[in-house]
Peer 1: 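I have a structure I would like to understand better, so I am pasting it below and will then ask my questions one at a time.
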Amino acid sequence: GENVEQHPSTLSVQEGDSAVIKCTYSDSASNYFPWYKQELGKRPQLIIDIRSNVGEKKDQRIAVTLNKTAKHFSLHITETQPEDSAVYFCAATWGSGGGADGLTFGKGTHLIIQP
Amino acid sequence: GAVVSQHPSWVICKSGTSVKIECRSLDFQATTMFWYRQFPKQSLMLMATSNEGSKATYEQGVEKDKFLINHASLTLSTLTVTSAHPEDSSFYICSARDGTSGLQYFGAGTRLSVL
């Protein structure tokens with residue numbers, strides 16, 4: 001089955017700086033890679049996703065890059081703000097629509113934005 | 001956006017009793033729903049895949065006789081934790097896959113505490 005590794009487990013950055021979280025996956029059949037933001041005790045919220053036919057996707061301050069050859073993908077948050085503080089999870093799965101199988105999650109990164 | 005309703009949000013029960021958790025897709029049809037479990041400060045782990053009208057598929061290590069899943073309609077899946085024990089205490093989250101977009105949407109989660 002799929003295995004997703006995520007680093008770092010904790011990331012502390014100054015407000016306004018950029019944050020980068022990296023994930024690797026093991027199953028070359030995976031073709032859909034979402035990123036979720038989860039605040040304490042709440043449901044994961046999809047913040048951005050990328051499919052395997054795309055190398056990069058951007059949505060305002062958030063971007064995701066995918067390297068299929070190396071089987072890794074990264075989340076980039078620029079101009080970080082206090083409300084970006086949360087736990088971020090990467091995930092991988094396969095399916096034509098982007099989620100035919102259940103998601104395999106990374107272990108999560110606790111992002112702390114220092115004022 | 002798509003809404004997934006999960007109830008109850010919090011349940012406390014005595015050891016040995018059974019607890020039922022409901023997951024509903026409110027504005028779309030979900031042929032597939034997924035059940036995840038999340039222990040404190042850990043990632044989400046897929047427990048099972050629930051397909052409407054057929055038996056659920058369980059991940060390795062998840063006891064199907066303990067975690068009963070029923071997906072009787074295109075908008076409702078239930079997870080019953082039978083003969084619950086303190087080690088079953090966890091945060092249980094469902095997700096529903098929109099058959100049109102393929103995206104997964106999460107419920108708000110159920111915090112189960114077994115005394």
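Chain A is the first sequence line, chain B the second, and so forth, proteins listed ahead of strands; every chain is numbered from 1.
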Peer 1: Are any non-hydrogen side-chain atoms of Leu103(A) and Phe106(B) less than 4.5 angstrom apart?
Peer 2: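 Yes. Closest side-chain heavy atoms under 4.5 Å.
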
Peer 1: Does CG belonging to Leu115(B) count more than 12 external heavy atoms closer than 6.0 Å?
Peer 2: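 Counting other residues, nucleotides and ligands, CG of Leu115(B) exceeds 12 neighbours.
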
Peer 1: Does any backbone or side-chain atom of Ile93(B) lie under 4.5 Å from a heavy atom of chain A? Answer side chain, backbone, both or neither.
Peer 2: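 Answer is side chain: those atoms of Ile93(B) sit under 4.5 Å from chain A.
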
Peer 1: Step through the shown structure and confirm whether more than 12 heavy atoms of other residues, nucleotides or ligands are within 6.0 Å of CD on Gln81(A).
Peer 2: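 It does: Gln81(A) CD has more than 12 such atoms within range.
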
Peer 1: Give a yes or no on this: more than 12 heavy atoms of other residues, nucleotides or ligands lie within 6.0 Å of atom CD of Gln60(A).
Peer 2: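 At most 12 heavy atoms, drawn from other residues, nucleotides or ligands, come within 6.0 Å of this atom.
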
Peer 1: Determine whether Ile112(A) and Ile47(A) fall in the same hydrophobic cluster, where Ile, Leu, Val, Met, Phe, Trp and Tyr are linked whenever their side-chain heavy atoms lie under 4.5 Å apart.
Peer 2: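 No, because Ile112(A) and Ile47(A) fall into different hydrophobic clusters, even though each may have its own neighbours under 4.5 Å.
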
Peer 1: Strictly less than 4.5 Å between heavy atoms, which residues of residues 14-23 of chain B line up against chain A? Please order them by number.
Peer 2: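 Listed by number, there are no contacting residues, so the answer is none.
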
Peer 1: Report the distance from atom NZ of Lys41(B) to atom NZ of Lys107(A), rounding to the nearest 0.5 Å.
Peer 2: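 That separation rounds to 15.5 Å.
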
Peer 1: Are Leu44(B) and Phe67(B) connected, step by step, through hydrophobic side chains (Ile, Leu, Val, Met, Phe, Trp, Tyr) whose heavy atoms are closer than 4.5 Å?
Peer 2: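 Looking at the clustering, Phe67(B) is in a separate group from Leu44(B).
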
Peer 1: Hey, could you give me the CG/OG1 distance between Leu46(B) and Thr93(A), rounded to the nearest 0.5 Å?
Peer 2: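 Leu46(B) CG to Thr93(A) OG1: 9.0 Å, rounded to 0.5 Å.
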
Peer 1: Quick check on the hydrophobic clustering: are Tyr88(A) and Ile50(A) connected, directly or via other members, by side-chain heavy-atom contacts under 4.5 Å?
Peer 2: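 Yes, Tyr88(A) connects to Ile50(A) through the hydrophobic network.
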
Peer 1: What part of Gln38(B) lies closer than 4.5 angstrom to a heavy atom of chain A: side chain, backbone, both or neither?
Peer 2: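 Side chain of Gln38(B) only, per the 4.5 Å heavy-atom cut-off to chain A.
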
Peer 1: State yes or no: do Trp35(A) and Val20(A) share one hydrophobic cluster built from I, L, V, M, F, W and Y residues joined by side-chain heavy-atom distances below 4.5 Å, directly or via other members?
Peer 2: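 In one cluster: no.
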
Peer 1: Quick one: what part of Gln38(A) sits under 4.5 Å from any heavy atom of chain B, side chain, backbone, both or neither?
Peer 2: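 It is the side chain, since no backbone atom gets that close.
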
Peer 1: Which heavy atom in Leu103(B) sits nearest to a heavy atom in Asp49(A), and how many Å separate them?
Peer 2: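 Minimum heavy-atom separation between Leu103(B) and Asp49(A): CD2-OD2, 3.7 Å.
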
Peer 1: Pick one of side chain, backbone, both or neither for Phe91(B), based on which atoms fall under 4.5 Å of a heavy atom in chain A.
Peer 2: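 For Phe91(B), side-chain heavy atoms alone lie under 4.5 Å from chain A.
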
Peer 1: Side chain of Tyr36(B), backbone of Gly102(A): donor and acceptor closer than 3.5 Å?
Peer 2: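 Not a single qualifying donor-acceptor pair exists.
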
Peer 1: Identify whether Val13(A) and Leu75(A) are in the same connected component of the hydrophobic contact network (ILVMFWY, side-chain heavy atoms under 4.5 Å).
Peer 2: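 Yes, same cluster.
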
Peer 1: Is there a donor-acceptor pair under 3.5 Å between the side chain of Arg43(A) and the backbone N or O of Cys94(B)?
Peer 2: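 No, because the side chain of Arg43(A) does not come within donor-acceptor range (under 3.5 Å) of the backbone of Cys94(B).
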
Peer 1: Would the distance check show the side chain of Ser43(B) and the main-chain N or O of Gly106(A) forming a donor-acceptor pair, the cut-off being under 3.5 Å?
Peer 2: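 Present.
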
